[in-house]
Amino acid sequence: MSDAISKVSPTSASSNNAQLNSPARVLIASVVGTTIEFFDFYVYATAAVLVFPTLFFPNSDPTTALLASFATFSIAFFARPLGAVVFGHFGDRVGRKTTLVAALLTMGISTVIIGLLPSYETIGVLAPLLLAICRFGQGFGLGGEWGGAVLLATENAPEGKRSWYGMFPQLGAPLGLFLSSGIFWLLLQFMPQEQLLAWGWRVPFIASIVLIVIGLWVRLSITETPAFQKAIDKQERVAVPVAELFRKHKRSLFLGTFVALATFVLFYIGSAYLLSYNVKVLKIPFLDALEIQIVGSISFGIFIPIVGKLAERFGRREMLILTTVLIGLFSFLLPGLMSGGEGSILVFAIVAMALMGMTYGLIGTALAAPFPTAVRYTGSSITFNLAGIFGASLAPYIATWLQANYGMLYVGFYLGLSAVITLICILASGRDEV
């Protein structure tokens, strides 16, 4: 297939790209796709707190059931690097567009199947096993989605606008969080908790098929990125991108993984863990806990374009350094804010997600920056998803365990340590590496 692509007329292909990939088309395609992917991902995170402990792990005490649910939640993060390698290979060999369509389908089909799974009461231990397999499919698909969406934006960006363009696919995360929390909130407006557990929880998973159709329509309307077309024209593609990556770009992989560490730890403490803490520990009603998460997602979304503009003016590296320092300082406030009432928790969610917007808005462009076009899809995807393993996969589990055994102060230490590691890696990276 890649040989067929390489025979396309360079002049006509480049001309078509310039004509069809308008800024609006590119930015809509990147943000719509990531919104759908993250909606699917966060629907699972919400259900992992609200319904899965009861339906799939009913024979455990509440804390153990929640930890087991978070363990299946973490499976996706270990699947993501594998998805990054597989989809990254085809993204760097065949093209960004085709690979993004395949990643969307993988993620979407896995999500719909979760909505159709029987519970533990119906098929016993097979139920959590099937849930884990579907969660693996979600992670595998998202592993190929994120890097391609960022490249779709940045490889179509005008000179000097990469941070701004790279911000757009990042908006998919707060939009997905807002929609996933919002749909559970709406369900609880029209049905009691008993009906939610009986069948209502399936609605968001099955309804995502509508979003998949929208995403496919948008993705199929774009053409290949100019940067990748240029790599085809100049015969710069490599046979095995992942091998080339580990042979020549190990430093960028290592530093990039930990440059994104604080981003992931902060987000999953401020979303999945916060939701479980509010519901299970503070006994805040489901609706109120979801409202807090919805407000947090709005704060998250607002600060992504703000930091995109600031980075264009003051520099991406400088803004990443400033934001990481602020995350470190915020970790000292975490124990007090999390130990207060609903008002204090709301302040925590707003500030945590504002800081998340400031770091996440830039991390996509930063992780893609050090890699050449021939391995950029693979490199940025693997880096991002390795960071997901170290920073996100076990964050809700670790935070829950620390709080239960040592208190909220140690959750603050956990966030603070991640910020220190991230800051060291940003400072160790050159100006062209982040």
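No hydrogens or angles considered: a donor-acceptor pair under 3.5 Å links the side chains of S163 and R316. Counting only N and O atoms by type, the side chains of T263 and T359 include a donor and acceptor under 3.5 Å apart. A donor and an acceptor atom, one from each side chain of Y44 and T72, are located under 3.5 Å apart. For the residue pair T111/Q138, the side-chain donor-acceptor check at 3.5 Å is satisfied.
Summarising the geometry, atom OH belonging to Y360 is positioned 6.5 Å from atom CZ belonging to F264; distances are rounded to the nearest 0.5 Å.
The 12-atom threshold is not exceeded at CD1 of I209, counting heavy atoms of other residues, nucleotides or ligands nearer than 6.0 Å.
For an aromatic pair to be called close, the ring centres must be under 6.0 Å apart, and Y397 with Y268 fails this. F87 and Y377 have their aromatic ring centers separated by at least 6.0 angstrom. Here the two rings, on W201 and F184, have centers that are 6.0 Å apart or farther. You'll find the ring centres of Y414 and Y410 outside the 6.0 Å limit.
Taking every heavy atom of both residues into account, P169 and A153 meet most closely at CD-CB, 3.8 Å. The two residues P174 and S297 come nearest to each other via the heavy atoms CB-O, 3.5 Å. Nearest heavy atoms, V31 versus G172: CG2-N, 4.0 Å. The minimum heavy-atom distance linking G137 with T106 is given by the pair O-CG2, 3.8 Å.
Between F267 and M353, some side-chain heavy-atom pair lies under the 4.5 Å cut-off. At least one side-chain heavy atom of L130 sits under 4.5 Å from a side-chain heavy atom of I123. Using a 4.5 Å heavy-atom threshold, the side chains of V411 and Y273 count as touching. Under the 4.5 Å side-chain criterion, counting only non-hydrogen atoms from C-beta, I382 is not in contact with P81. The shortest side-chain heavy-atom distance between F136 and L82 falls under the 4.5 Å cut-off. Using a 4.5 Å heavy-atom cutoff, the side chains of E145 and T34 are in contact. At least one side-chain heavy atom of I389 sits under 4.5 Å from a side-chain heavy atom of F78.
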Does the pair T64 and F57 meet the rule for a side chain to side chain contact (heavy atoms under 4.5 Å, CB included), with working shown? CA-CA 9 Å; T64 303; F57 308 97; over 6 Å; no
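Within the structure, no pair that satisfies the salt bridge (charged side-chain N to carboxylate O under 4.0 Å, His left out) test touches residues 77-90, not counting sequence neighbours. Within the structure, every pair that satisfies the salt bridge (charged side-chain N to carboxylate O under 4.0 Å, His left out) test and touches residues 370-395, not counting sequence neighbours, is listed here: E155-R376.
Here the rule is side chain to side chain contact (heavy atoms under 4.5 Å, CB included) with Y277, and of T400, I269, I345 only I345 fits it.
Panel note: side chain S181, backbone F178; no donor-acceptor pair is recorded below 3.5 Å. T378 contributes a side-chain N or O that, together with a main-chain N or O of G88, makes up a donor-acceptor pair within less than 3.5 Å.
Salt bridge annotation for R247-E244: present, with a cationic side-chain nitrogen under 4.0 angstrom from a carboxylate oxygen.
Scored by the side-chain contact (heavy atoms from CB on, under 4.5 Å) test, H89 finds R93, P241 as partners (sequence neighbours excluded).
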